[in-house]
Amino acid sequence: MEVSQPPFGRQGLRTLAAIVFTDVVSFSAHMGRDEVKTLGLVNRDFAEMRRLCEARGGAVLKTTGDGLLCYFASAVEAVACALDMQKHFAALAKTLPSGEALQHRIGIHLGDVLVQDQDVMGDGVNIASRLQAEAEPGGICISQTVYDVVKNKIELKATYLGARDLKNIAQAVPVYRLLLEAQAREAALPPAKKSFRWLMPAAIAAVVLLLVTAVLVHAHKKALPAPAPIVASAPTPPAPTPVTASASVSAPAANETSASDAIAKPDAKNLPARREFLQEIHKPYLVPYDYDGLLQAIQTGKVKVDMANPLQFRKAIEHLSEMKAWLLERLSHYTLAQPLIVPRFGVNGEKDYKIYGVPPKNIVVISNGMPTSMDLTKVKPPFLSLILLAAIKNDPGVPGDVILGAAAFGHFYNLPEMEAELQPLGGQRAAAKPAAPTP
C-alpha cells in the first residue's frame, strides 16, 4: 500500500488527518530496572509498529521517547493499524519469557493538524496524545469523530466511556474504548446463528413450544393443554437453560423440570444429565459471576456443555462476560462526588442508592449516607440487576451485546422484573445496530 505523507514544504498548511499516538506502559519503571534492555525492547517494538504502520498506508513522523506519532490519511486504516499492533504484541507476549514483552497504549483522533517543517501539530495531535493516556495497558481509545467514521467499515467491538475532560483540551471529548479481548474471543468461536439470539422473534418461540408440547405428550402419554394458551402466557421469548434463583442464586432442585429445560432438550430421560450440568457450574461459576472462568472451562473441556444447543449456551455466557466487564468499567468512572444513582423502588422515606466503582472489582454503595465497600461477586443478583439497569439507562452508547448479556442475566437468575425493564431497551438498542458492529 502506498504510504501517505503530510504535505511537507507548505508551512502553516492545515489538513485533515488521522493521528495515532502510542506510549509504552510503565516505561520509567522499566528504565529504572534496566535501561539498556528496555531501550532494546522499545526499539524492537518500534520497528514492528513502523512496519505495520507503513503496511496500512501510514507514516511514522517521529518518536516521543517511549511512543510514536503516526500519520494516516484514512481513519479506517489508522484504526486497523492500531488493532494490528495490539494483536501482534498480545500474541508476542504469549511466546516470550517473563520481562521480555512490553505493553503499549494507543490513542486515535481524526482532526485538523497544522503542518510545520517535518512535523504536524495542533489539537488533532494533542487530543490523540491525551486519548492514549485514557487507554488501558494493551488497549486502544478513539474519539467520537473516529468512531463515527469507522463503525460501519471495520468489524470491532467498543464501549462508550462518556465525554472526558482531557488535559489542556478546551471541550470535553467523547471517548470509546475498543474491546480487544471480546473481539478476539468472538473471532475464536464458531459463528452462532443470529436466529438463536436471546431476543428471538415470538413466532420462533411459538414453534419451539409447540414441538415441546408434542414431545411431552408422547413421553408421558397424557393430554396437555392446547399450545395457544402456553404461547399467550409467555410474554418474553424463552432463553436456554436459566438457573432458578430467588433472593440469591440457588442450585436447580433435583426434582425440578422447567419449561426452559424442556426447550433445551425435551427428551425426559436426559433431564438428570442437564440438572447435573447446572449443579456442576452453579457454585464455581454462576454464584461468583465468573463467566470468563466458565468460558475457559468450556473451551478447555473441563466443563462439557450438556445442552441441546452448546453454541447457543456458550454465546449466552459470552454475552454475560461482556456485560460484567462493561459494568465494572462503567462503574469505575463514577466517583463519590458524581456517583451512579440507583433508584430504590417500593421503599418509603429512604434515599436512592449512590454507587461508584473501585477497580478492579469492588464497588462502594452509599445508603442513607453510609458508605459500604463490597466485592462485586458478593452482591446478590436482585441488587446487581438494579445497578446494571441504572448503568444501562445512564449510558446512551451501550453496546448491543451488553443489552443481550443483561437480558441473559435476568433470565438466568430468574429476575422477571429486570426482563420487563429491558424489553423496551432490547427493542430499541439490541435490535438496532449496536455500538460495535456484529458480523
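Any value given below was found using the heavy atoms of this structure, including those in side chains, with hydrogens, waters and symmetry copies removed.
With a 4.5 Å cut-off on side-chain heavy atoms, Leu180 and Leu83 count as touching. Taking the side chain as every heavy atom from C-beta outward, Ile392 and Leu422 approach each other to under 4.5 Å. With contacts defined as side-chain heavy-atom distances shorter than 4.5 Å, the pair Ile317/Tyr285 does not qualify. Side-chain atoms of Trp326 and Leu388, non-hydrogen and from C-beta on, do get closer than 4.5 Å to each other. Asp352 places none of its side-chain heavy atoms less than 4.5 Å from the side chain of Val342. Side-chain contact between Val79 and Phe72 is absent, with no heavy atoms from C-beta onward closer than 4.5 Å. Between Val402 and Thr159, the closest side-chain pair of non-hydrogen atoms is not below 4.5 Å. Annotation: side chain of Ser367 is not in contact with side chain of Thr372 (no heavy-atom distance under 4.5 Å).
Applying the salt bridge (charged side-chain N to carboxylate O under 4.0 Å, His left out) test to every pair with at least one member in residues 28-46, sequence neighbours left out, gives these pairs: Lys37-Glu100.
A donor-acceptor pair shorter than 3.5 Å can be found between the side chains of His109 and Ser143. In summary, the side chains of Asp148 and Gln144 do present a donor paired with an acceptor at a separation below 3.5 Å, with no hydrogens or angles considered.
In terms of modelled atom types and a separation under 3.5 Å, the side chain of Tyr353 and the main chain of Ile387 share no donor-acceptor contact. Side-chain atoms of Arg330 come within 3.5 Å of backbone atoms of Leu161 as a donor-acceptor pair (strictly under, hydrogens ignored). A donor-acceptor pair is defined here as one N or O able to donate and one able to accept, closer than 3.5 Å; no such pair exists between the side chain of Arg14 and the backbone of Asp112. At least one donor-acceptor pair under 3.5 Å links the side chain of Ser74 to the backbone N or O of Glu77. No donor-acceptor distance shorter than 3.5 angstrom exists from the side chain of Asp395 to the backbone of Ala391, with no hydrogens or angles considered. Remark: the backbone N or O of His30 is paired with a side-chain donor or acceptor of Thr38 at under 3.5 angstrom.
For Glu48, the CD atom counts as densely surrounded, since its 6.0 Å shell holds more than 12 non-hydrogen atoms of other residues, nucleotides or ligands.
In this structure, CE on Met374 lies 8.0 Å from CD1 on Ile355, to the nearest 0.5 angstrom. Here CE of Met49 is found 5.0 Å from NE2 of His104. Values are rounded to the nearest 0.5 Å. Distance CZ/Arg51 to CZ/Arg56: 11.0 Å, rounded to 0.5 Å. Residue Ile127 holds its CD1 atom at 13.5 Å from CD of Gln132, rounded to the nearest 0.5 Å. Interatomic distance, Ile169 CD1 to Leu131 CG, rounded to the nearest 0.5 Å: 8.5 Å. Put simply, CG on Leu178 and CD1 on Ile108 are 7.0 Å apart, with the number rounded to the nearest 0.5 Å.
Considering all non-hydrogen atoms of both residues, Ala17 and Tyr71 come closest at CB-CE1, 3.3 Å. Arg105 approaches Glu136 most closely through the heavy-atom pair CG-O, 3.6 Å. In this structure, Val149 and Ala75 approach most closely via the heavy-atom pair CG1-CB, 4.0 Å. In this structure, Ile366 and Tyr356 approach most closely via the heavy-atom pair CD1-CE2, 4.2 Å. Between Val364 and Pro371, the closest heavy-atom pair is CG1-CB, 4.0 Å. Here the closest non-hydrogen pair linking Leu384 and Val379 is N-CG1, 3.7 Å.
Ring pair Phe277/Phe313: centre-to-centre distance below 6.0 Å.
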With side-chain contact (heavy atoms from CB on, under 4.5 Å) as the criterion, how do Leu166 and Glu134 come out once you've worked through the C-alpha distance, each side chain's angles and the decisive distance to 0.1 Å? CA-CA 9 Å; Leu166 305 178; Glu134 298 290 318; 3.8 Å; yes

Evaluate Val76 against Ile154 for side-chain contact (heavy atoms from CB on, under 4.5 Å), listing each step before the verdict. CA-CA 7 Å; Val76 173; Ile154 295 182; 3.8 Å; yes

Applying side-chain contact (heavy atoms from CB on, under 4.5 Å) to Val125 and Phe21, what does each step give before you reach the verdict? CA-CA 8 Å; Val125 177; Phe21 222 103; 4.0 Å; yes

So Val20 and Cys81, side-chain contact (heavy atoms from CB on, under 4.5 Å) or not? Walk me through it. CA-CA 9 Å; Val20 176; Cys81 176; 5.9 Å; no

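The aromatic rings of Tyr413 and Tyr291 sit perpendicular, their planes meeting at an angle over 60°, well past the 30° parallel limit.
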